[in-house]
Amino acid sequence: MQEEVVVLKKTRLLGHLAVLLTMTVWATTYVSSKLLLTAFSPAQILVVRSLLGLLVLSVINHKPLVYKQPIDRLFVALAGFCGIFLYYFLENTALLFTSASNVGVIVAAAPFFTLLASHIFLKEEPLKKNYFIGLALSMAGIVLLTFSSTEEVAFNPKGDVLALLAIMVWAIYTVLTRVIGKKGYPNLLVTRTMFFYGLLGHTLVLLINGDGLPVHQVIQTPYLYHFLFLGLVASAFCFLSWNFGLRTIGPIKSSFYLYLSPIITIVVAVAFLSEPFGQLDAIGTAFTLAGLLISEYRRRGI
C-alpha cells in the first residue's frame, strides 16, 4: 500500500513537470508565430501546424483508436474540435478586433472557468477558498504585467467577447479530456485523433477563406524551422504532455499553470530580445506566482 502511494506521488510530480514544460514551450511560441504571420494567414499557419502534429503522432503509433462505447467517439471529436480547432480559431480572430494585452488578461481567467466546469460536470474537487484567493492574486499580477507593457487596456467588445468564448471552450476541452482519460484510452492515440478533428476544422476555415496553402513557401527557410517547432514540439509533443498532466493532476491544477505563461514570455523577451524588466514586471510576477502557490496549497499530497 505504501509503495502504491509512492508511485502515485511520483506520477503526480511527473504530471506537474509535464504541464510546466508544456507551458514553457507554449509561452515561447509567440516568436515563431510573429514571424510566420508576416507571410501567412492564421488559418494557413494552423493547418500546417495541425497537419505536422497529426503526421508525427501517426508515425509514432498508427494503430486505430478502438472505442469502447459509441459516445466515446463523440467525446474525442468534441475535444479535438474544441481544443485543437475552436480555441485557436477564436483566439486568433479575437486578436483581429482587440489588443494582445486584452486577450492576455482575459485568457488568464481560464483556470476560473475550468474550475467551474470541473465542479459542475466532474464533481471532483469542491470550490475551496484558496482557489479564489489565488485567482484574485494571479489576475492582479497579470493586469500589472499587462500595464507594464502598454499604457492602457481598452475595452473592445467584439474581440474581448471572442477571447472570453475562447477560454470557455478551453474549459470544455479540459473537462472532456479528463473524462476520456478516465476511460483508459491510450493518451497518444486519443491526442492523435483529436488532432485529426482539429485539422478538419482548420481546413474548413482555410477553404472558406479561399487562402490556399503555398507549400513552396512553407518549405523555405526560415519558415520551415518555425513550422517544425510549432507542429512537432508545440503541438504534437506539448498536447501529449498537457493531456498527460490533465490525466494525472486534474484539469484545475493543470489550468492554474496558465498563469505562468506571461512570466515565461517576459523571461524569454528579456533573455533573447533584450526587452526591459521594470518594477511593475517584478511586482506582477510576484503576485502571479503567489496566486499560483496559494491555489495549489494542500495540507497533504502534491
Side-chain angles (χ1 to χ4, degrees), residues 7-29 32 45-89 114 118 122 124 169-203 227-255 257-258 302:
V7 173
L8 180 60
K9 285 187 176 181
K10 287 183 178 179
T11 302
R12 286 178 176 172
L13 178 60
L14 287 175
H16 281 279
L17 292 175
V19 172
L20 178 60
L21 178 61
T22 301
M23 286 313 309
T24 301
V25 174
W26 279 349
T28 62
T29 56
S32 294
I45 295 173
L46 291 172
V47 164
V48 175
R49 178 175 177 172
S50 300
L51 180 60
L52 287 173
L54 177 61
L55 288 175
V56 70
L57 293 176
S58 299
V59 169
I60 296 174
N61 192 333
H62 63 276
K63 294 181 180 179
L65 179 60
V66 180
Y67 297 97
K68 300 174 184 178
Q69 297 177 333
I71 195 172
D72 293 346
R73 184 189 298 273
L74 177 62
F75 285 149
V76 174
L78 284 175
F81 183 78
C82 290
I84 310 297
F85 164 62
L86 196 55
Y87 170 76
Y88 283 108
F89 173 75
T114 302
S118 299
L122 300 179
E124 286 187 338
V169 166
W170 184 260
I172 295 172
Y173 164 74
T174 57
V175 170
L176 286 170
T177 303
R178 182 67 165 172
V179 170
I180 296 166
K182 284 185 173 183
K183 293 176 177 288
Y185 290 109
N187 183 29
L188 192 150
L189 296 184
V190 169
T191 304
R192 187 198 66 196
T193 309
M194 288 180 183
F195 265 88
F196 170 75
Y197 288 109
L199 178 61
L200 288 181
H202 291 311
T203 303
F227 273 122
L228 289 175
F229 170 69
L230 292 177
L232 306 186
V233 181
S235 292
F237 172 76
C238 281
F239 269 94
L240 275 176
S241 59
W242 179 262
N243 289 346
F244 172 75
L246 288 177
R247 291 176 180 225
T248 53
I249 66 176
I252 296 174
K253 291 180 176 60
S254 297
S255 292
Y257 276 91
L258 292 172
I302 295 176

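Side-chain atoms are counted along with the backbone in the values below, which use heavy atoms only and exclude waters and symmetry mates. Model, not experiment: these values are computed from the prediction.
Across Leu188 and Leu240, no two heavy atoms sit closer than the pair CA-CD2, 3.5 Å. A pairwise comparison of heavy atoms in Val25 and Ala234 identifies CG1-CA, 4.0 Å as the closest pair. The nearest pair of heavy atoms linking Ala77 to Tyr197 is CA-CD1, 3.6 Å. Nearest heavy atom pair, residue Gly245 against residue Val19, reads CA-CG2, 3.6 Å. When every heavy atom of Ser241 is checked against every heavy atom of Ala18, the shortest pair comes out as O-CB, 3.6 Å. Contact between Leu176 and Phe75 at its shortest, heavy atoms only, is CD2-CD2, 3.9 Å.
A distance of 11.5 Å separates OG1 of Thr177 from CD1 of Ile172, quoted to the nearest 0.5 Å. From Met194, atom CE reaches atom OG of Ser50 across 13.5 Å, with rounding to the nearest 0.5 Å. Going from atom NE2 of His62 over to atom CG of Leu57 covers 14.0 Å, rounded to the nearest 0.5 Å. One finds the OH atom of Tyr88 at 8.5 Å from the CG atom of Leu46 (value rounded to the nearest 0.5 Å). Note that CG of Leu200 and CD1 of Ile84 are 12.0 Å apart. Values are rounded to the nearest 0.5 Å.
With a 6.0 Å radius and a threshold of 12 heavy atoms from other residues, nucleotides or ligands, Lys68 has its NZ atom above the threshold.
Looking at Ser235 and Phe195, their side chains come closer than 4.5 Å, going by heavy atoms from C-beta outward. Proximity of Tyr67 to Leu65: side-chain heavy atoms (C-beta onward) are separated by under 4.5 Å at one or more points. Taking the side chain as every heavy atom from C-beta outward, Thr29 and Leu230 approach each other to under 4.5 Å. For the pair Val48 and Leu52, the minimum side-chain heavy-atom distance is below 4.5 Å.
The backbone N or O of Lys63 lies less than 3.5 Å from a partner atom in the side chain of Arg192, making a donor-acceptor pair. Judged purely by atom type and a 3.5 angstrom limit, Thr174 uses its side chain to pair as donor or acceptor with the backbone of Ala171. Side-chain N or O atoms of Arg178 include one that pairs as donor or acceptor with a backbone N or O of Arg247 at under 3.5 Å.
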Tell me, with the steps shown, if Phe237 and Leu21 meet side-chain contact (heavy atoms from CB on, under 4.5 Å).
-> CA-CA 10 Å; Phe237 172 76; Leu21 178 61; 3.7 Å; yes
Verdict with reasoning, Trp26 to Phe239, per ring pair (Phe, Tyr, Trp, His ring centres under 6.0 Å) | CA-CA 10 Å; Trp26 279 349; Phe239 269 94; 5.3 Å; yes
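For the residue pair Thr248 / Arg12, no side-chain donor-acceptor distance below 3.5 Å is found, with atom types taken as modelled.
Put simply, the residue from Phe81, Phe89, Phe85, Phe196 that forms a ring pair (Phe, Tyr, Trp, His ring centres under 6.0 Å) with His202 is Phe85. For the side-chain contact (heavy atoms from CB on, under 4.5 Å) test with Thr191, the passing option among Val76, Ile180, Asn243 is Asn243; the others fail.
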